[in-house]
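Keep in mind that this is a model prediction, so the values were computed, not measured. Heavy-atom basis, side chains included; hydrogens, waters and symmetry copies ignored.
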Amino acid sequence: MFVTYAFAEEAKPAAPAEGAAPAGEVTHTETGVAQEGGHGGVFPPFDSTTYASQILWLAITFGLFFLFLKKVILPRVADILSTRESRISSDLKAADKMKTEADAAVAAYEQELAAARAKSVEIANKASDAAKTDAAAKRKAAEEALDKKLAEAEAKISTIKAAGMKDVGKIAEDTVAEIIKRLMGVSATAAEVSSAVKSVKG
């Protein structure tokens, strides 16, 4: 019967691994704990015989981790904190500067507003004084014009009164002369009539 090479390789019994114990023998670990097969024994971290090496590797690992933190992580964190602190400080300084400028602007605005109010009050007072002065001048001029017209009117009245009184005397003399003539039938002289009228007035 013809047998292929591949079949012949598969038919061969598996050779034991290098360094493996022959079948049926008990293997021993480096710690000296006997193990049956590949799954027996105690879990290494819980093996009391390896505590010393575990503590040693823990110390080495912790030391390396501490050096890594000290040399790499902590300097970076310190740089970040320093950068943030400097940025916050600069921001606070800028905010203080802006606040100072704002306060100065508000003070200048209030000062200008107070000056504008004072100026407006001064202008109003000047305008009021000017209006009062103008009104007083106009009133004085009107009073003077009225006084002048009143004096002229009084002068005219006096003239008219004097002329009227003069005419009244003349009319009285004429009337008396006419009455004497009609009552007595005698014509009186002007001198007699005038003296008679004057005596009555007196």
Inset, instruction - For the pair R87 and D91, find out whether any cationic side-chain nitrogen is under 4.0 Å from an anionic carboxylate oxygen. - result: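 Looking at D91 together with R87, the answer is no, because their closest N to O distance does not fall below 4.0 Å.
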
Between atom [atom1] of [X] and atom [atom2] of [Y], what is the distance when rounded to the nearest 0.5 Å?
X	Y	atom1	atom2	value
K93	S86	NZ	OG	10.0 Å
E85	L92	CD	CG	10.5 Å
R76	D79	CZ	CG	9.5 Å

Table please: side-chain donor-acceptor pairs of residues 103-128 below 3.5 Å, with sequence neighbours left out.
unit_1: D103; atom_1: OD2; unit_2: K99; atom_2: NZ; d: 3.2
unit_1: S120; atom_1: OG; unit_2: A116; atom_2: O; d: 3.3
unit_1: S120; atom_1: OG; unit_2: R117; atom_2: O; d: 2.6
unit_1: E122; atom_1: OE2; unit_2: K126; atom_2: NZ; d: 3.4
unit_1: N125; atom_1: ND2; unit_2: V121; atom_2: O; d: 3.1

Between side-chain atoms of residues 52-74 and protein atoms elsewhere (two or more places apart, or another chain), which donor-acceptor pairs fall under 3.5 Å?
unit_1: S53; atom_1: OG; unit_2: T50; atom_2: O; d: 2.9
unit_1: Q54; atom_1: NE2; unit_2: P44; atom_2: O; d: 3.1
unit_1: Q54; atom_1: NE2; unit_2: P45; atom_2: O; d: 3.3
unit_1: Q54; atom_1: NE2; unit_2: T50; atom_2: OG1; d: 2.7
unit_1: T61; atom_1: OG1; unit_2: W57; atom_2: O; d: 2.7

Inset, instruction - List in chain and number order the residues that pass salt bridge (Lys or Arg N to Asp or Glu O under 4.0 Å) with K148, two or more places apart in sequence or in another chain; answer none if no residue qualifies. - result: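 Testing K148 for salt bridge (Lys or Arg N to Asp or Glu O under 4.0 Å), a comparison that skips the adjacent residues, returns none.
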
Legend entry - Nearest non-hydrogen partners of Y51 and F46, listed with the distance: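 Scanning both residues completely, I find the closest heavy atoms to be OH-O, 3.9 Å.
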
Inset, instruction - Check for a donor-acceptor pair, side chain of S82 on one end and backbone N or O of A78 on the other, with a separation under 3.5 Å. - result: no

